[in-house]
Amino acid sequence: MRLRDKHGRFITDLRISITDRCNYRCVYCRTGNQGAQYSELPFTDYLRMVRVMVGLGIEKVRLTGGEPLLRNGIVDFVRDVAALRTLDGQPLDIAITTNGHLLANMVGPLKEAGLRRATISMDAVDPATFARITRVPRGYDNVLAGIRAAKRVGLEPVKVNCVLLRGFNEDQIVEFARFSRDEGVVVRFIEFMPLEEDRVWSPDVVVAMDEILEKLNLFRPVRQLPNAPSETARRYTFDDGLGEIGIIAPVSHPFCGHCSRIRITSDGKIRTCLFSLFDHDLAGRMRQGATDAELADYVRTVADQKEARHHIGEAGFIKPSRSMVHIGG
Ligand code: SAM
């Protein structure tokens, strides 16, 4: 029986964090201080979790982190996941979200192992702004090389994610529109969510969808493109059809009603929503010797409890105790 929650949503999309280490310290994600606790499991454990979930109807698997490319053995892991089949006997749609710093040299082997799609995070097309946000002095050229390499090997469409923060990079909106048109990539602007380690989130820092559209329209008139229902981004192109911009607006225009996602953290906990207040300890069940059938029952029970929606911006909103780098974005 396929995974479905009590709100009637089918769960088909798994995001698995394979490490919570990261080589960037983005101001909106990581704390400036050192000393965080890291935890990751052997790939054999992640593979078993993925296999159990694919047996329940998962069709897309996205590898994330932390920074997934920091994990030795990732190419073999992709190959092992690619050998699994959906309930309909189809290959899985395997994707990665990466900061792109190490991508240029790894993307060929990853593609050959079965990776289908890549989303690369890049929060500015201006190298100085990029360094200010990532707190890494010379990362920009690596990321640009990673984006171009992903295109070269055919991981199309290459998507570039940019989290907009007022006071940091809202001046990059038009620059990114040009970037999408020049490089032939989909640029997706993401509204900043309260999932950071430090307390920097406030409604004032969020650059919301309407403002993004206004700025894009001043550059060139935009035209909306059709969306699949479970797609998080609203898609746009320009009047001449060149370039594609996505806007992911969980704060100003939540899309929880169509959410098909479930997450596994790097320490093997299930999260049913980015804003869940509780984890569900799948790895703990494995350590206690649960069979695959018992794990599948547990996943079903957990998925059933998936939250109807998040409560960002509402009175009484409680920020989750784990930040994005630990949950896996
Ligand atoms: N290290 C990889 C990367 O940089 O893409 C994968 C992990 S990162 C947590 C995944 C995505 O989450 C990135 O695109 C990042 O910009 C985004 N992200 C992190 N914190 C966020 C927040 N508070 N609000 C919105 N997006 C966030």
Side-chain angles (χ1 to χ4, degrees), residues 15-31 36 38 40 61-71 74 95-103 106-107 110 115 117-124 129-130 133-136 139-140 142-143 146-147 150 158-166 168-169 172 176 185-203 205-209 212 232-233 246-255 261 263-266 271 273-275 310 312-313 317 319-329:
R15 297 181 175 217
I16 183 160
S17 169
I18 58 173
T19 180
D20 53 359
R21 287 178 287 139
C22 192
N23 44 357
Y24 282 12
R25 308 196 70 78
C26 301
V27 288
Y28 57 84
C29 186
R30 309 289 308 281
T31 177
Y38 296 115
E40 41 192 56
V61 176
R62 177 171 293 274
L63 310 185
T64 181
E67 173 45 43
L69 296 183
L70 288 179
R71 193 73 201 262
I74 184 173
I96 194 167
T97 302
T98 168
N99 62 29
H101 192 86
L102 300 170
L103 187 62
M106 295 176 74
V107 73
L110 285 166
L115 186 74
R117 293 182 296 123
T119 299
I120 299 140
S121 305
M122 187 169 96
D123 297 312
T129 308
F130 180 89
I133 293 176
T134 56
R135 297 188 277 209
V136 168
Y140 181 81
N142 286 33
V143 177
I147 291 170
V158 173
K159 293 180 183 168
V160 175
N161 274 1
C162 165
V163 178
L164 285 171
L165 300 178
R166 195 172 310 286
F168 277 92
N169 61 352
Q172 296 288 288
F176 266 117
V185 295
V186 178
V187 169
R188 305 192 316 166
F189 296 115
I190 307 179
E191 289 178 351
F192 177 35
M193 295 178 278
L195 284 167
E196 74 287 22
E197 282 183 334
D198 288 340
R199 300 262 156 183
V200 291
W201 192 89
S202 87
V205 184
V206 178
V207 181
M209 183 168 105
I212 300 168
T232 52
I247 303 182
I248 303 178
V251 180
S252 69
H253 294 75
F255 36 80
R261 281 173 289 283
R263 290 181 158 78
I264 297 178
T265 61
S266 61
R271 287 182 78 91
C273 172
L274 276 175
F275 295 94
H310 70 64
I312 304 174
F317 168 74
K319 192 177 155 192
S321 57
R322 296 232 251 180
S323 63
M324 193 73 133
V325 72
H326 298 294
I327 298 169

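Because only heavy atoms are used, hydrogens play no part in the values below, and waters and symmetry mates are left out as well, while side chains stay in. All figures in this text were calculated on a predicted structure; none of them were measured in a lab. Numbering of ligands and ligand atoms starts at 1, following listing order.
No side-chain donor-acceptor contact under 3.5 Å links N99 to the backbone of S121. Proximity of a side-chain donor or acceptor of E67 to a complementary backbone N or O of N23 within less than 3.5 Å is not detected.
Contact annotation: the side chain of F192 approaches that of V200 to within less than 4.5 Å [non-hydrogen atoms, C-beta and beyond]. R261 has its side chain out of reach of R62: every pair of non-hydrogen atoms, C-beta onward, lies at least 4.5 Å apart.
Checked by atom type, the side-chain pair H101/N142 shows a donor-acceptor distance below 3.5 Å.
Remark: R21 engages E40 in a salt bridge (Lys or Arg N to Asp or Glu O under 4.0 Å) (not counting sequence neighbours).
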Show me a pair-per-line table, with atom names and distances to 0.1 Å, of protein N or O atoms that are under 3.5 Å from an N or O of ligand 1.
from, atom 1, to, atom 2, distance (Å)
ligand 1, 1 (N), G66, O, 2.9
ligand 1, 1 (N), E67, OE1, 3.0
ligand 1, 4 (O), S121, OG, 3.4
ligand 1, 5 (O), T98, O, 3.4
ligand 1, 5 (O), S121, OG, 2.5
ligand 1, 14 (O), S121, OG, 2.7
ligand 1, 16 (O), Y28, OH, 2.8
ligand 1, 23 (N), M193, O, 2.8
ligand 1, 24 (N), M193, N, 3.0

